[in-house]
Amino acid sequence: MCAAARGGRAAAARRLSAAAAGGAAAGGASRVGSAGSAPKRRRSGKSVAIAYESVQGDGAEEGAAEPKRPKWEPRNWRQQLERIREMRSSRDAPVDHMGVDKCYDSSAPPQVMRYQVLLSLMLSSQTKDEVTSAAMLRLRQRGLTVDSILQMDDVTLGQIIYPVGFWRNKVKYIKQTTAILKQKYGGDIPSTVEELVMLPGVGPKMAHLAMHIAWNSVSGISVDTHVHRITNRLKWVKKETRTPEATRVALEDWLPRDLWREINWLLVGFGQQTCLPVNPRCKECLNQDICPAAKRC
């Protein structure tokens, strides 16, 4: 080999050695930089999709959505419900014979029937079923229609519905609501919860029951004092609720919709006979062993 060739190879070898040394130095600097401070990220105009890791291990499709968490539900609620159904199977509570759905004239024209349902609901607030039923019977004996109520003076109406709870206020609300029904709805009642609760003396519990009984439509759970009390005792709400309306919202969040129609009737009768407001009859209750509030002494 000639001297010129040997000189060329030597020069090439020196260039390769220098390049390798430079790469090693750059790598070392990169590692030092990553340990000391985070390297600057390159900005890019393209968004990068981030796929959640699958909990099923290998074989899951890339980019699969995060699995849904199961909806909250109370412990033992299905077993508690079945036992309450068993305790209510005889259907001998006051609500079974004198409840609002028993107070109207089923042979009346549909519009009159619906008006009577709404009126019985307004009377039932803070009133026992026996008292409401008797007041409705007296009203029906005088011909209970929108026109008959509008023609009746306040004193007479008060005498008929007494002794329902807050009867003086109810005289005023009944007259006001009946006038609105005559003027705005042609003597019928509204067919939506939103319109029903706008009527004087009509709250959410009444509105949902009116939708159920008068319109045969399940719009929500009707929560009265019995349902409110019992569902809190059974821990059917995540946190203790202070009002029936808060209880309604909490129940509708998890209770299957096909149970909404049944739950009011079921728990009201249970509350009238067994799960009493004061001194509940826990020893007679089939749920004593699985009720968080049961008195087991």
Side-chain angles (χ1 to χ4, degrees), residues 98-127 129 131-162 164-225 227 243-249 252 257 260-261 264-265 268:
M98 294 172 283
V100 171
D101 60 333
K102 308 294 182 183
C103 291
Y104 64 89
D105 182 3
S106 58
S107 64
Q111 184 169 309
V112 174
M113 179 272 292
R114 288 190 286 266
Y115 174 66
Q116 291 183 0
V117 168
L118 182 61
L119 227 63
S120 64
L121 286 165
M122 295 176 70
L123 293 175
S124 70
S125 176
Q126 302 295 313
T127 305
D129 287 337
V131 178
T132 300
S133 178
M136 282 296 296
L137 180 59
R138 293 192 295 270
L139 284 170
R140 286 171 53 190
Q141 288 173 342
R142 298 179 66 113
L144 180 52
T145 64
V146 166
D147 290 333
S148 70
I149 292 296
L150 290 176
Q151 293 167 8
M152 190 180 297
D153 62 83
D154 291 4
V155 174
T156 301
L157 179 57
Q159 292 173 343
I160 294 174
I161 69 172
Y162 179 85
V164 299
F166 305 100
W167 63 273
R168 290 185 178 86
N169 286 335
K170 289 178 182 178
V171 167
K172 178 179 65 176
Y173 293 146
I174 288 172
K175 280 300 193 73
Q176 292 174 347
T177 289
T178 303
I180 293 171
L181 298 180
K182 177 74 171 180
Q183 297 167 5
K184 188 174 181 179
Y185 298 96
D188 208 338
I189 71 172
S191 59
T192 66
V193 170
E194 291 76 16
E195 291 174 292
L196 283 166
V197 296
M198 295 297 291
L199 298 171
V202 178
K205 181 206 77 171
M206 302 179 202
H208 288 298
L209 269 181
M211 291 297 297
H212 173 199
I213 300 170
W215 293 108
N216 193 30
S217 173
V218 180
S219 57
I221 300 173
S222 179
V223 178
D224 68 350
T225 55
V227 178
T243 65
E245 182 61 10
T247 301
R248 179 190 67 80
V249 174
E252 290 180 3
R257 195 178 181 89
W260 289 11
R261 185 188 295 268
N264 177 269
W265 162 81
V268 168

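All of these numbers come straight from a predicted model, not from anything done at the bench.
Looking at residues two or more places apart in sequence or on another chain, you find a side chain to side chain donor-acceptor pair (under 3.5 Å) between Asp129 and Gln272. In this structure Thr127 satisfies the side chain to side chain donor-acceptor pair (under 3.5 Å) test together with Lys170, sequence neighbours excluded. Contacts of Tyr173 classified as side chain to side chain donor-acceptor pair (under 3.5 Å), with partners at least two apart in sequence or in another chain: none. Looking at residues two or more places apart in sequence or on another chain, you find no side chain to side chain donor-acceptor pair (under 3.5 Å) involving Arg140.
Of the possible polar contacts, one joining the Ser120 side chain to the Val117 backbone as a donor-acceptor pair under 3.5 Å is found. No donor-acceptor pair closer than 3.5 Å links the side chain of Glu252 to the backbone N or O of Gly220. Of the possible donor and acceptor atoms, one in the side chain of Thr247 sits under 3.5 Å from a partner among the backbone N and O of Thr243. For Arg248 (side chain) and Val223 (main-chain N/O), no donor-acceptor pair under 3.5 Å exists by modelled atom type. At least one donor-acceptor pair closer than 3.5 Å links the side chain of Thr177 to the backbone N or O of Pro200.
Between Thr132 and Met98 the shortest side-chain heavy-atom distance does not fall below 4.5 Å. At least one side-chain heavy atom of Glu195 sits less than 4.5 Å from a side-chain heavy atom of Tyr185. Taking 4.5 Å as the limit, some side-chain heavy atom of Leu118 sits within range of a side-chain heavy atom of Leu199.
Salt bridge annotation for Asp154-Lys172: absent, with no cationic side-chain nitrogen under 4.0 angstrom from a carboxylate oxygen.
Of all heavy-atom pairs spanning Asn216 and Arg261, the tightest one is OD1-NH1, 3.2 Å.
Each salt bridge (charged side-chain N to carboxylate O under 4.0 Å, His left out) pair with one or both residues in residues 198-210, not counting sequence neighbours, would appear here, but there are none. For residues 99-120, the pairs satisfying salt bridge (charged side-chain N to carboxylate O under 4.0 Å, His left out) are Arg114-Asp188, with sequence neighbours left out.
Heavy-atom neighbours of Lys182 NZ from other residues, nucleotides or ligands within 6.0 Å: at or below the threshold of 12. Other residues, nucleotides and ligands contribute only 12 or fewer heavy atoms inside 6.0 Å of the CZ atom of Arg142.
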